[in-house]
Structures are given as structure tokens and as C-alpha cells.
Amino acid sequence: MDRAELAGWLRLSLTPGIGDGAARRLLAAFGLPADVFAQSETALRQVVSEAQAAALRQMPPNLQALIDQTQLWLRQREDGEDAVVRRIVTLGDAGYPRSLLETADPPLMLHVLGAEAFDLTQLGHSLAVVGSRNPTPQGASNARAFGRALGEAGLPVISGLALGVDGAAHQGALDAADAAGTGPRLATVAVVGTGLDRVYPARHRELAQRITQQGLIVSEFLLGTPPLTQNFPKRNRLIAGLARGTLVVEAALASGSLITARLTSEQGKEVFAIPGSIHSPQSRGCHALIRQGAKLVESVADILEELQPLAQQPSPDAFRPWSGGTDHGDPLLEALGFDPVSLDALGARTGWSAAALQARMLELELEGQVARLPGGLFQRMGAA
């Protein structure tokens, strides 16, 4: 994309009062952005309001700086990024994903960072995996296991690079790609709510670097855009739009993941949800989705039977042991989660000796936080 073409798309995006809807009407009426800006104010008023037409005749004050910044970003290379490319895909490009074109609100531009071998047209059989930023240990384990199993079945995983379920799902998909080792394969796509000149959250910088090697990072937001709260629901519509369906691993009732699930359903796509403990607030969103018609998922086979023949069956060892979770307080309660678990499993999760586990479990049992079940199992009591 040359400077003049880039300038036209950025100017259209920056013009005050011109949202994506108005911009799409202008493009449909006149052609490319350069053609839009060549129109008289009278012609523009046939498509948009008088105030919008007047705004289109004015040059945004920060346009030249953003053009320079974007061109620099497109040319930029970092250490180890020889096979990583930076590109901008617009509504007028052949490489714009058809699945987004079929949604109610496709963005004008997509900034894309990732492996040169991949593009957004390869996502026709992908699955979104979303969920809580503060999952239970079992939820984090499930997200990573399903991400890996989906990857082994040949389905790219789309998520939002957030803490918790999103990050675990990306990691699982990357694990599958690492294990396969059979050349370039689009493992995962992270759709983010900031400009691509920053990584948010910062602690996922290393994960983002892995994704650029075996997948793509995508944003509709201009460079320099910070992590604004209102941008993440917008980001969720792209996750739903790019994927063929959405799996919700864990979600509270007031979760952004439920927005993604709703948008997926409105687009006529499949919604899947993993049930959990009735004692866990992080399961209530999934239970609500199941009551509303989402497919209850116990294994990746439940997903693949809906997406056949696009997917391959995963290997028998597709699911991996728990590999850590978030810190909500007591490390043993955190490792325990809300579902029954054996002493051996707790030892594997925590690295504690059997004697140390038994002593602490007795303390928690006396405090009324843990129930001892038949068969050497334990279960966390109460709410998180």
C-alpha cells in the first residue's frame, strides 16, 4: 500500500463524526477513499449528513503524523522477526476475511502482525475460545487442553490475548503446533483491543511473540490506541465474526465472554459451553448459555461432531494435566478448584509432599472450607 492510498484510509478513519457505518455508505457510493474525498460537499450530502459532509472536507490535524507512524510500523522489524510481516488489510482488499464482510459491522481497516505464510482468509474453520480473566485452576487447565486438542484437530484457535482463559487457549494451540513440527501451520489468532504498537496486557509480551511466529495478531484500532474499556466489546465482535463458532470455558454472568457468545449466536454460528461446579461463580455464565441453547461440551469430540468434515480427530492424549492458574489467595484452595480432586492430583498441581498436603487439608476441613469425599477425594466448599 503506497502512502497516498494509506493516507486515504487513515483520513476516513480519523474524520470526526464518520463511523464505520457512514464510511461504508460513502465507499459504496463513490469507491475508494480517494474518490470519496474528491466529491463536492453537495454530493457528499446525498449520502451523509450536512455536518458529516463538512467534516469530510476538512483535513484531520494529526493525519500526517499518523501516516508517518503507520508507515514506520509497516517497515519495522525486530530481532527474530525475519518471517514476521506487518500489513494493513482494508475493506477493498481481496485478503479481507469474508466472514467479517458477512457481519453487520465490518471494520474499515485491520492491522495484522504475524507469520508471513498466514493470512486472514485461512480462518473459515477456526473456533473462538473465550472465558474469564480469573479462571479457576480447572478452568485454566480446560482452556489450554481444549486449545491444544483443537489445534491437533486442525482448527486454529481465535481469542483475545487477555489474562486467564484467553491466554491459556492461545498457549494450548501453540503447544499443538510445536508438537506437530510439520512446517508452517496457522495455530492461533489474537484479536486485541489496542493498537498493534503495544502489547496488552504487558505480561503477555512473550506469548504475543510466540503468536507472531505461528499465527497472527489483529486489531481494527489505529496505532497508538491505548487499552480503553469501550474498545474490548468492539474487539469481541471481531472474535465472533472471524470464527466459525465460540467455546466459552468459564464466565461469570456479567462477563464480556457472554457478549462474544451472543454475537456468535446472532450470526447463526454454534455456541459451545463447558459446564462447571454449581458452587463456582465462574460457571454461572456457561450454565446460563446452556439453558439458552448452547451445546454442552465435555470433550473436544462434542465440538468436532458439529464442525465436521472440516476437523480431524485429535490424538487420544490431546488433554494435558493442569498446568497452573491464577492466584486468588490460599495456594492450596487455588489448586483445589471447585470440582472433586484426589490427593495425588493436588500434589502434581502444587508440588507439595503428601504429608504437607494432608496437614493443610485437615486445617481447611476444620475451617469448613473443604469437604472430604469418599475415595480419597476432596472438594472446595462455598463461593470463590
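FYI, side chains are in, hydrogens and waters are out, and symmetry mates aren't considered; it's all heavy atoms of this structure.
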Peer 1: Mind checking whether Ile274 and Val248 have side chains closer than 4.5 Å, heavy atoms only?
Peer 2: no

Peer 1: Mind listing the closest non-hydrogen atom pair of Phe37 and Gly8 along with its distance?
Peer 2: CE1-O, 3.6 Å

Peer 1: Hey, could you give me the NE2/CG distance between His170 and Asp175, rounded to the nearest 0.5 Å?
Peer 2: 13.0 Å

Peer 1: Tell me whether Ile278 at atom CD1 has more than 12 heavy atoms from other residues, nucleotides or ligands lying less than 6.0 Å away.
Peer 2: no

Peer 1: Is a donor on one side and an acceptor on the other found under 3.5 Å between the side chain of Asp166 and the backbone of Leu163?
Peer 2: no

Peer 1: Does the side chain of Asn142 pick up a donor-acceptor pair with the side chain of Glu250 at under 3.5 Å?
Peer 2: no

Peer 1: Would you say Leu123 and Pro97 make side-chain contact, with heavy atoms under 4.5 Å?
Peer 2: no

Peer 1: Between Ser132 and Asn134, is there a side-chain donor-acceptor contact under 3.5 Å, judged purely by atom types and distance?
Peer 2: no

Peer 1: Would Val129 and Leu150 count as a side-chain contact (heavy atoms from CB on, under 4.5 Å) here? Give the steps.
Peer 2: CA-CA 10 Å; Val129 181; Leu150 291 165; 3.8 Å; yes

Peer 1: Do Leu72 and Met109 share a hydrophobic cluster, counting only Ile, Leu, Val, Met, Phe, Trp and Tyr and linking them when any side-chain heavy atoms are less than 4.5 Å apart?
Peer 2: no

Peer 1: Ignoring hydrogens and angles, write down the donor-acceptor pairs under 3.5 Å from the side chains of residues 11-20, residues two or more places apart or on other chains.
Peer 2:
residue, atom, partner, partner atom, Å
Arg11, NH2, Leu56, O, 2.9
Ser13, OG, Trp9, O, 3.0
Thr15, OG1, Arg11, O, 2.7

Peer 1: Using 4.0 Å as the upper bound for N to carboxylate O, is an ion pair formed by Arg210 and Asp178?
Peer 2: yes

Peer 1: In terms of hydrophobic clusters joined by side-chain contacts under 4.5 Å, are Met1 and Val84 together?
Peer 2: yes

Peer 1: Test of understanding: clusters of I, L, V, M, F, W, Y form through side-chain heavy atoms closer than 4.5 Å, transitively. Do Ile259 and Val192 belong to the same one?
Peer 2: no

Peer 1: Any donor-acceptor pair under 3.5 Å linking the side chain of Thr212 with the backbone of Gln209?
Peer 2: yes

Peer 1: To the closest 0.5 Å, what do you measure between CD (Gln58) and CG (Leu63)?
Peer 2: 13.0 Å

Peer 1: Keeping Asp68 on the side-chain end and Ala65 on the backbone end, is there a donor-acceptor pair under 3.5 Å?
Peer 2: no

Peer 1: If you take all heavy atoms of Leu263 and Ala240, which pair is closest and at what distance?
Peer 2: CB-CB, 3.9 Å

Peer 1: What distance separates Leu223 CG from Gln69 CD, expressed to the nearest 0.5 Å?
Peer 2: 5.0 Å

Peer 1: Only pairs at least two apart or in different chains count here, so list each side chain to side chain donor-acceptor pair (under 3.5 Å) that has a residue in residues 99-115.
Peer 2: Arg24-Asp105, Asp105-Arg237

Peer 1: What heavy-atom pair brings Leu258 and Gly285 nearest, and what distance separates the two atoms?
Peer 2: CD2-O, 3.9 Å

Peer 1: Specify the closest pair of heavy atoms between Asp119 and Arg87, including all atoms of both residues, with the distance to one decimal.
Peer 2: CB-NH1, 4.1 Å

Peer 1: When you look at Gln71 and Arg3, which way does the side chain to side chain donor-acceptor pair (under 3.5 Å) test go after all the steps?
Peer 2: CA-CA 8 Å; Gln71 284 197 309; Arg3 184 180 177 91; 2.7 Å; yes

Peer 1: Is there a side-chain contact between Leu247 and Val130 (heavy atoms, below 4.5 Å)?
Peer 2: no

Peer 1: Would you say the side-chain atoms of Asn236 pair up with the backbone N or O of Ser257, donor to acceptor, closer than 3.5 Å?
Peer 2: no

Peer 1: Is any side-chain heavy atom of Thr194 less than 4.5 Å from a side-chain heavy atom of Ser219?
Peer 2: no

Peer 1: Going by heavy atoms in the side chains, are Leu222 and Leu10 under 4.5 Å from each other?
Peer 2: yes

Peer 1: Is the number of heavy atoms from other residues, nucleotides or ligands under 6.0 Å of Phe30 CZ greater than 12?
Peer 2: yes

Peer 1: Between Asp302 and Leu296, does a side-chain contact (heavy atoms from CB on, under 4.5 Å) hold up when you go through it step by step?
Peer 2: CA-CA 8 Å; Asp302 297 324; Leu296 186 153; 5.7 Å; no

Peer 1: Would a hydrophobic clustering, with Ile, Leu, Val, Met, Phe, Trp and Tyr connected at side-chain separations under 4.5 Å, put Leu113 with Ile88?
Peer 2: yes

Peer 1: Nearest 0.5 Å, please: how far is OG1 in Thr246 from CD1 in Ile158?
Peer 2: 8.5 Å

Peer 1: Could you tell me if the side chain of Leu127 sits less than 4.5 Å from the side chain of Val157, heavy atoms only?
Peer 2: no

Peer 1: For the pair Leu110 and Tyr96, evaluate side-chain contact (heavy atoms from CB on, under 4.5 Å) and give the outcome as yes or no after the intermediate values.
Peer 2: CA-CA 8 Å; Leu110 295 170; Tyr96 195 94; 4.0 Å; yes

Peer 1: Run the numbers on Tyr200 and Phe232 for side-chain contact (heavy atoms from CB on, under 4.5 Å), then give the verdict.
Peer 2: CA-CA 12 Å; Tyr200 179 83; Phe232 292 94; 3.8 Å; yes

Peer 1: So do the side chains of Pro107 and Phe221 get within less than 4.5 Å of each other, counting heavy atoms only?
Peer 2: no

Peer 1: Over all heavy atoms of both residues, which pair between Asp2 and Glu5 is shortest? Give the atoms and the distance, please.
Peer 2: OD1-N, 2.8 Å

Peer 1: Less than 4.0 Å between a side-chain N and a carboxylate O, is that true for Glu306 and Lys269?
Peer 2: no

Peer 1: Please examine the side chains of Val191 and Leu242, heavy atoms only from C-beta on, and report whether any two atoms are closer than 4.5 Å.
Peer 2: yes

Peer 1: Compare every heavy atom of Ser126 with every heavy atom of Ala243, then report the nearest pair and how far apart it is.
Peer 2: CA-OG, 3.5 Å

Peer 1: If you round to the nearest 0.5 Å, how far is CG of Leu161 from CZ of Arg205?
Peer 2: 10.5 Å

Peer 1: Within this structure, what is the CZ-CD1 distance for the pair Arg244 and Ile303, rounded to the nearest 0.5 Å?
Peer 2: 12.0 Å

Peer 1: Ignoring hydrogens and angles, tell me if any N or O in the side chain of Ser265 forms a donor-acceptor pair with the backbone of Ala261 under 3.5 Å.
Peer 2: no

Peer 1: Is Val165 linked to Ile290 within one hydrophobic cluster, defined over Ile, Leu, Val, Met, Phe, Trp and Tyr using a side-chain heavy-atom separation of less than 4.5 Å?
Peer 2: no

Peer 1: Enumerate the residue pairs fulfilling side chain to side chain donor-acceptor pair (under 3.5 Å) with a member in residues 222-234, sequence neighbours excluded, ordered by first and then second residue.
Peer 2: none

